[in-house]
Protein chains: 4
Amino acid sequence: MKRIGVLTSGGDSPGMNAAIRAVVRKGIFHGVEVAGVFSGYQGLIDGRIKNMEAGDVGDIIQRGGTKLFSARCEEFRTDAGQEKAIEQLKKNGLDGLVVIGGDGSYRGAMALTKRGFPCVGVPGTIDNDIPGTDYTIGFDTALNTVIEAIDKIRDTATSHERTFIIEVMGRDAGDLALWAGLAGGAETILIPEETFDLDDMIDRLEKGRKRGKKHSIIIVAEGVMNGNELASLIEERANIETRVSVLGHIQRGGSPTARDRVLGSLFGARAVEVLLEGTGGRAIGMKNHQVVDYDMTKAFTEKHDADMSLYTLSKELSI
Amino acid sequence: MKRIGVLTSGGDSPGMNAAIRAVVRKGIFHGVEVAGVFSGYQGLIDGRIKNMEAGDVGDIIQRGGTKLFSARCEEFRTDAGQEKAIEQLKKNGLDGLVVIGGDGSYRGAMALTKRGFPCVGVPGTIDNDIPGTDYTIGFDTALNTVIEAIDKIRDTATSHERTFIIEVMGRDAGDLALWAGLAGGAETILIPEETFDLDDMIDRLEKGRKRGKKHSIIIVAEGVMNGNELASLIEERANIETRVSVLGHIQRGGSPTARDRVLGSLFGARAVEVLLEGTGGRAIGMKNHQVVDYDMTKAFTEKHDADMSLYTLSKELSI
Amino acid sequence: MKRIGVLTSGGDSPGMNAAIRAVVRKGIFHGVEVAGVFSGYQGLIDGRIKNMEAGDVGDIIQRGGTKLFSARCEEFRTDAGQEKAIEQLKKNGLDGLVVIGGDGSYRGAMALTKRGFPCVGVPGTIDNDIPGTDYTIGFDTALNTVIEAIDKIRDTATSHERTFIIEVMGRDAGDLALWAGLAGGAETILIPEETFDLDDMIDRLEKGRKRGKKHSIIIVAEGVMNGNELASLIEERANIETRVSVLGHIQRGGSPTARDRVLGSLFGARAVEVLLEGTGGRAIGMKNHQVVDYDMTKAFTEKHDADMSLYTLSKELSI
Amino acid sequence: MKRIGVLTSGGDSPGMNAAIRAVVRKGIFHGVEVAGVFSGYQGLIDGRIKNMEAGDVGDIIQRGGTKLFSARCEEFRTDAGQEKAIEQLKKNGLDGLVVIGGDGSYRGAMALTKRGFPCVGVPGTIDNDIPGTDYTIGFDTALNTVIEAIDKIRDTATSHERTFIIEVMGRDAGDLALWAGLAGGAETILIPEETFDLDDMIDRLEKGRKRGKKHSIIIVAEGVMNGNELASLIEERANIETRVSVLGHIQRGGSPTARDRVLGSLFGARAVEVLLEGTGGRAIGMKNHQVVDYDMTKAFTEKHDADMSLYTLSKELSI
């Protein structure tokens, strides 16, 4: 390979810039040219492709978001769209592509690979929900954003002796709620992986009150239900007034933590190595403390499992 | 005076603990005993009053919330409630009271003063909406919490080239929206002090797009309308898709900024000085860079004015 | 005036970028062209001058440092250097210049003004030591950086029951030490404005120990003496072992606080207004809560006074 | 076992409180009484032992430092000291002890275990230097503190086009320097594990300058040499002026990151499980993404290895 590309796709996540920097510089280190594809698959179709030098990725390792921008792209789901993409890749003299994003982005990368253009996937999403890797880029930063929010809300919960419901991201995966709940000392954590049991939750709240617990934090992943809905259920059933905080978009941004920058650097560099071996259809990950690469289809055909031991531990410790 | 009390009331705000510390230690410095009244006016009625030594307020200057707790209290609005309060104050040997809170708390303090028990008010609220003082304790911290959120959201807004609406606190006062909007580089700021003009806003959005501006931040104070309502209006009228973030309760908590700790310290100390002169019915504030005290009734009979020059400047700079 | 310039000079301070943004956009708002002069007076002499559009200062309000760079320049102190500068200014069609920096930068601006080229000064320095203004751009951010450091060190001081000395910036002005000491709950504050009294300090330390105070924080401005020197004095005299932390360069950087962004915006905008009136030799400041402009020579001929009431209060509250 | 104790020893590290909370609550969950031993081994000898309920460890998971205090203790290194400790443990009805700290603390725990009193070790140190575990409690927080400092200093380095030397903790282990250097985008990282090569470093600095790199960050672990010494070497040899920042004690404190809170919780809970099985002389750790326990002697007889692949990667990416 003589020239490779890199793009970011799907929701942005902190640490994507560290991964972009690693792809560009690792490529240059190996004597390969690197081009940035701007605005995801849409930009690929439109040919928004530009050469990147080492200096173009200077001073970005500490920035949230993605310097290459991201966008949704319906057209790329069609054969016509994918053919246009392949055309642009050839026209720009690219031999391989690193795709940084979530499982949707991987599907696109696999489609290109199947059409004969080798792609490697790097897991960038705050949801930590990609099968085959223990961590995704952005999860650690989002997690710390959530616990800072919990710490702030706890000040008010304690001062006013109130129960707060905090809704965090996580449609299908409870990782963010689980880790944040344990780290934030939440009394209750509701995740999509566990059947919602209103009775049990009310029971815990009321037992807590009887033991003298005057404030309480409930973390709910958006995939279970929204915070306001939960508040209504609790009020109806147990006549306990709650306050709701929906953390929303602040969870996506911010300067990446050290871990997300290191993860982004490791993953981006490994993606280049794998690509330079000429192999497409691989995804990069961290498995049992080792950087690994594996068949990319695993990432969207298998299921990510949350670490349920954290769930059990949280219940034991929030007595 | 030989013994004075201190209580916090209404919504908690960061820096209240600095003010409590200042009241306790300044009192002790002047040879006066200081008692903490827990859980606001409700705790006063219930007699939750405890002596406080210098060590009891150690290691709290950096904490959000209020060590004395806060609570709503309907009973205190009645004659019977106020009489019970006076009884408790006498029973506990108190000669004066410092009340830290917003305008609602001041009304209570004035009621006690009129019944012959001298109270002094210290402005503690993130809304910065108390007439007679340029700043309230907690405003600076809330403001910095808001701009950190804006900075995070801007990462995503830029990466995805989207328009975001951020709803901040402020039912009647636009200070938080105004300062945060200017400091956060928001393109549009909507505050209760200014008539909402949908046409003008849409016009600015569209002009920005024509000039090549691909993302945009709109700050709206909750007193104008809620974020989702605004999003619908924009979508209906201009067919511009937006994302909404409601910052909510995270704005109240957190470790206070340096300024809020200094303000809390200055105000708490001055409150003790005023009280020891035997005068009740005074409120403490910062006016033209000086710590002042003034007739407390001013705080709930007059109107707070936001600094509209910030509004004008923000419009000029967000071109 | 049809075209004005802006430069930053001296040590960088957080909020300088907000001021640059305000100068550029306020100028454009008034129909004037604005050029950035890069790398301070050295860049001016070398003609590193470039036109700036509204978009060139987008996304910088939240960044520390200065987008225009800064540098020392011996040559500019000479007549020859200043004449070269005037030449470059004329060659680039500039009619006026906004200089953002400390008192050294103001001297340069005054020299140009005396040579017939109108300059206006904007106070950018973390030291808060410019006569004629109550606050300088960057002070609030540096202050919050210092108290975050104090909060961290207090964790260890408390856990190990130790005395810590924290050395902060401030060669001639004690503002940073003073505010940070009060806000950080320091037991002792040493500033250049106050005669250093070893006996009194030791006395306070020992009295504290007798009252059961097991840890202690001493804040010393670098202008008094360095932290290690102080540690030796305390060890020799009172046989108290201390730990020393020199905060150093972290005090200059970081994303500016809301206040520094607002201050930078207000000052930059006002500087443009003053300049467009055709007046040079003025400095911008905040005096008694009002943005003001005043004779620039005041800034380097008079003396800045620290607010000694904070010093007294800190002593009263750290019992 | 019916009653177990917990103590913290050695330098404090963020997340120790999460571990204490986990030990106390997990013990109570299993029906065992838990006592806190205050001020490390010194407090153990002196019998500063107090029962702890679930509520005693409420609201501490987010605090830096250690609620149980820590202290050095020469006496405990003697037979006499250890016998006194055993006596106190028996007198207080304790059947086992969890010791949270570094390798020095583990030696003490092993000594007690050999005397027939079962102890389990939990790795709490910011240095990440305990053999047998991939991570120690506090490392992640210290790491993030360091990169925040690097980010701040980079603002000034960039604005003034200067070379900065940042000295971080790490006498024997380079983990902190290594991770921070990679995550902070440092141009050069000096760690004790690698022979210091002045020529190579100067060479890199000069090549960077020739390529137009105008500022540079060098991270040096204190175990290699101190920052000022390094600055002199560089100035003498290459006539490059540098600025030095010694981060010092701020690296130990601060609210723990999410990861350190989770690690502390997992480790504390597992320590209780191991202890309740009646086994002493075990240390808890994280190995290949699994919580493990292993022979405690390994922790002070073997050598911790830094992940040198990070070192190589950093060199490749800082071109």
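In what follows, chains are A, B, ... by sequence order, proteins preceding strands, each numbered from 1.
The minimum heavy-atom distance linking B:N288 with C:H289 is given by the pair CA-CB, 3.7 Å. The shortest non-hydrogen separation linking C:V262 to B:A183 is CG2-CB, 4.0 Å. Nearest heavy-atom pair across B:A269 and C:L313 is CB-CD1, 3.5 Å. In terms of heavy atoms, B:L317 sits closest to C:S265 at CD1-CB, 4.0 Å.
Using a 4.5 Å cut-off between heavy atoms, C:S314 does not touch chain B at all. C:I61 touches chain B through its side chain: at least one heavy atom from C-beta onward sits under 4.5 Å away, while N, CA, C and O do not. Looking at C:L182, both its backbone and its side chain come within 4.5 Å of chain B, counting heavy atoms on both sides. For a residue to count as touching a neighbouring chain, one of its non-hydrogen atoms must lie under 4.5 Å from one of that chain's; by this rule B:L310 touches chain C with the side chain only. Neither the backbone nor the side chain of C:D307 comes within contact range of chain B, judged by heavy atoms closer than 4.5 Å. Contact of C:A22 with chain B is made through backbone and side chain together, with heavy-atom distances under 4.5 Å. When heavy atoms are compared at a cutoff of 4.5 Å, C:D59 approaches chain B solely by way of its side chain, counted from C-beta outward.
Between chain C and the residues B:V146, B:D140, B:D151, B:I150, the largest count of heavy-atom pairs under 4.5 Å involves B:D151. Ranked by non-hydrogen atom pairs under 4.5 Å with chain C, the options B:G185, B:A180, B:A18 are led by B:G185. Of the listed residues (C:D134, C:V291, C:T158), the greatest number of heavy-atom pairs within a distance under 4.5 Å of chain B belongs to C:D134. Your options are B:I28, B:I60, B:L266, and the one with the most heavy-atom pairs under 4.5 Å with chain C is B:L266.
Within the cation-pi definition used here (under 6.0 Å to the ring centroid, within 45° of the axis), B:R259 does not qualify as a partner of C:F139.
For C:E316 and B:K26, the salt-bridge test passes: some basic side-chain N is under 4.0 Å from an acidic carboxylate O.
Not one N or O on the side chain of C:N144 forms a donor-acceptor pair closer than 3.5 Å with the backbone of B:T257.
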